[in-house]
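Accompanying notes for the structure given below.
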Amino acid sequence: MGASLSKEIDKLRDKKVTELELIDKGIDDLPNNIGTIETLKKLNLSKNNLKRLPPAIGNLKNLTLLNLFNNSLRELPHEITQLVNLESMNLSINKLKALPRGFGSFNHLYFLDVSYNSITELTTQIGLISTLKELHISFNELTELPVELSRCLELEVINASHNKILELPSEFSKLPKLKLLNVTGNKLSFIPPDYGQLSKIEKIDFSKNSDIHKSLDQHAIRGPEVLIKYLKSDEYQSIYYSETKKPRPANLTSSSENTTIPQNTTTTTTTTTTSKPEEEESSVPYH
């Protein structure tokens, strides 16, 4: 399809199209002249066989949406970081092991999905994406999440389920708009006590963490408000700092103080429904 696709792209360039959908077309190689359609704002290449992207992809400076769901990408060209107007990027169900250097250059990105890849480390530069609201990184090979994510003050959703995460950064308690934290299916033993200060949190899911401390399960079963209150308690703080050997902050808020419990909070410690790969595409804001 290479030659014919290249000719079609030339026609589209002359028409100055703003949206291009090439879904499930069996494309395994994207022609270099894709970068000549500088009017493009939305590009959907989902459900193809792409193994690479041409560096010319970086010429699409007006692009706001890039959907590469369900391909065979093993790496991304550095030039993708030149798409500074991107608002939504779906890279789920590929074969990525890392994100390229300079990945924090996106000034408008609010939705990022890199689920179902083989990423072993999330670049610290992601903390530079100040507009990020939703981060989906489930089903990868992560053992930790970067502290720098706490700089993304617009974050509302972190879905890091089904990785190999051993510990969560206490700094995430500084995320003022965080509503959903999904860390089911990891290797966690504790939730930082600071998370009791997440004022907007609506759901915390740490189910299927076989090493989770039994006291967390016991309180979560009694309801989300009970769990949040327990995270703030002197009892839990004593257990946490004793067993993790971490130094206990002198100014840590305890349950004896007058604190407000987040409303409409949901905490799951038993079962979690995970979307099948085929359903991931539907979560992408394509507009």
Side-chain angles (χ1 to χ4, degrees), residues 63-69 76 78 80-92 96 98-117 119-184 186 188 191-206 228 231 262 264-267 280 283-287:
L63 209 61
T64 61
L65 184 147
L66 178 60
N67 191 345
L68 292 160
F69 163 84
L76 299 172
H78 170 68
I80 201 171
T81 64
Q82 297 173 11
L83 304 177
V84 294
N85 286 309
L86 271 185
E87 297 176 359
S88 174
M89 179 160 45
N90 189 344
L91 300 167
S92 62
L96 299 172
L99 298 176
R101 59 186 176 84
F103 202 77
S105 63
F106 304 107
N107 299 323
H108 303 282
L109 192 69
Y110 69 87
F111 180 94
L112 175 62
D113 191 345
V114 291
S115 301
Y116 293 93
N117 279 281
I119 298 173
T120 57
E121 183 177 3
L122 194 60
T123 174
T124 59
Q125 293 178 336
I126 199 167
L128 298 175
I129 309 177
S130 61
T131 54
L132 193 61
K133 290 186 176 182
E134 290 193 32
L135 175 62
H136 299 269
I137 49 176
S138 60
F139 290 91
N140 277 284
E141 301 293 328
L142 298 171
T143 57
E144 63 180 2
L145 296 177
V147 173
E148 287 77 6
L149 262 179
S150 62
R151 299 176 185 171
C152 301
L153 300 182
E154 298 297 317
L155 261 179
E156 297 179 2
V157 174
I158 298 177
N159 183 354
S161 66
H162 300 281
N163 280 277
K164 300 176 180 179
I165 299 169
L166 298 169
E167 184 177 359
L168 294 172
S170 61
E171 288 82 358
F172 284 6
S173 63
K174 301 175 183 177
L175 293 170
K177 298 183 180 182
L178 190 63
K179 296 179 180 179
L180 168 65
L181 176 62
N182 186 349
V183 286
T184 185
N186 280 280
L188 298 171
I191 302 296
D194 312 59
Y195 285 25
Q197 308 303 320
L198 288 166
S199 61
K200 300 293 184 181
I201 199 73
E202 296 176 1
K203 182 177 182 181
I204 300 175
D205 188 345
F206 54 83
I228 296 299
L231 290 177
N264 302 319
T265 308
T266 304
T267 309
E280 292 288 334
S283 67
V284 182
Y286 192 81
H287 53 264

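All heavy atoms count here, side chains included; hydrogens, waters and symmetry mates do not.
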Report all side-chain donor-acceptor pairs from residues 165-176 shorter than 3.5 Å, counting only partners two or more places apart or in another chain.
from: E167; atom 1: OE2; to: K246; atom 2: NZ; distance (Å): 2.5
from: S173; atom 1: OG; to: S170; atom 2: O; distance (Å): 2.8

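Expressed to the nearest 0.5 Å, how far CG of L178 lies from CG of L153 amounts to 11.5 Å. Considering CG of L198 and CG of D194, their distance stands at 9.0 Å, rounded to 0.5 Å. A distance of 8.0 Å separates CG in L145 from CG in L135, rounded to the nearest 0.5 Å. Going from atom CG of N140 over to atom CG of L96 covers 8.5 Å, rounded to the nearest 0.5 Å. For the atom pair N107 CG and S105 OG, the distance stands at 7.0 Å (nearest 0.5 Å). One finds the CG atom of N90 at 9.0 Å from the CG atom of L66 (value rounded to the nearest 0.5 Å).
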Legend entry - L86 vs L63, side chain to side chain contact (heavy atoms under 4.5 Å, CB included): CA-CA, chis, key distance, verdict: CA-CA 6 Å; L86 271 185; L63 209 61; 4.2 Å; yes
Inset, instruction - Please test N159 against S161 for side-chain hydrogen bond (donor to acceptor under 3.5 Å, both in side chains), starting from the C-alpha separation and ending with a verdict. - result: CA-CA 6 Å; N159 183 354; S161 66; 3.1 Å; yes
Inset, instruction - Show the numbers, then the answer: is there a side chain to side chain contact (heavy atoms under 4.5 Å, CB included) between L142 and N186? - result: CA-CA 9 Å; L142 298 171; N186 280 280; over 6 Å; no
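The two atoms that bring F139 and N163 nearest to each other are N-ND2, 4.0 Å, heavy atoms only. Between I126 and P146, the shortest heavy-atom contact is CG2-CG, 4.2 Å. Shown here for F106 and I129, the closest heavy-atom pair between the two residues is O-CG2, 3.7 Å. Taking all atoms of both residues into account, the shortest heavy-atom contact from H108 to T131 is C-OG1, 3.2 Å. For the pair I201 and L181, the tightest heavy-atom approach, listed with the atom from each and the gap, is CD1-N, 4.3 Å. The two residues F103 and T123 have their closest heavy-atom pair at CB-CG2, 4.1 Å.
For the residue pair S115/S92, the side-chain donor-acceptor check at 3.5 Å is not satisfied.
Among E202, E154, E134, the one residue that satisfies the salt bridge (Lys or Arg N to Asp or Glu O under 4.0 Å) test with K177 is E154.
For the pair H78 (side chain) and R101 (backbone), a donor-acceptor distance under 3.5 Å is present. For Q125 (side chain) and G102 (main-chain N/O), a donor-acceptor pair under 3.5 Å exists by modelled atom type.
A 4.5 Å side-chain heavy-atom check between L65 and E87 finds every atom pair outside the cut-off. L83 is not listed as a side-chain neighbour of M89, based on a closest heavy-atom distance of 4.5 Å or more.
Dense packing is recorded around CD of E141, with more than 12 heavy atoms of other residues, nucleotides or ligands lying under 6.0 Å away.
Ring geometry, H136 versus F111: the interplanar angle falls from 30° to 60°, so the pair is classed tilted.
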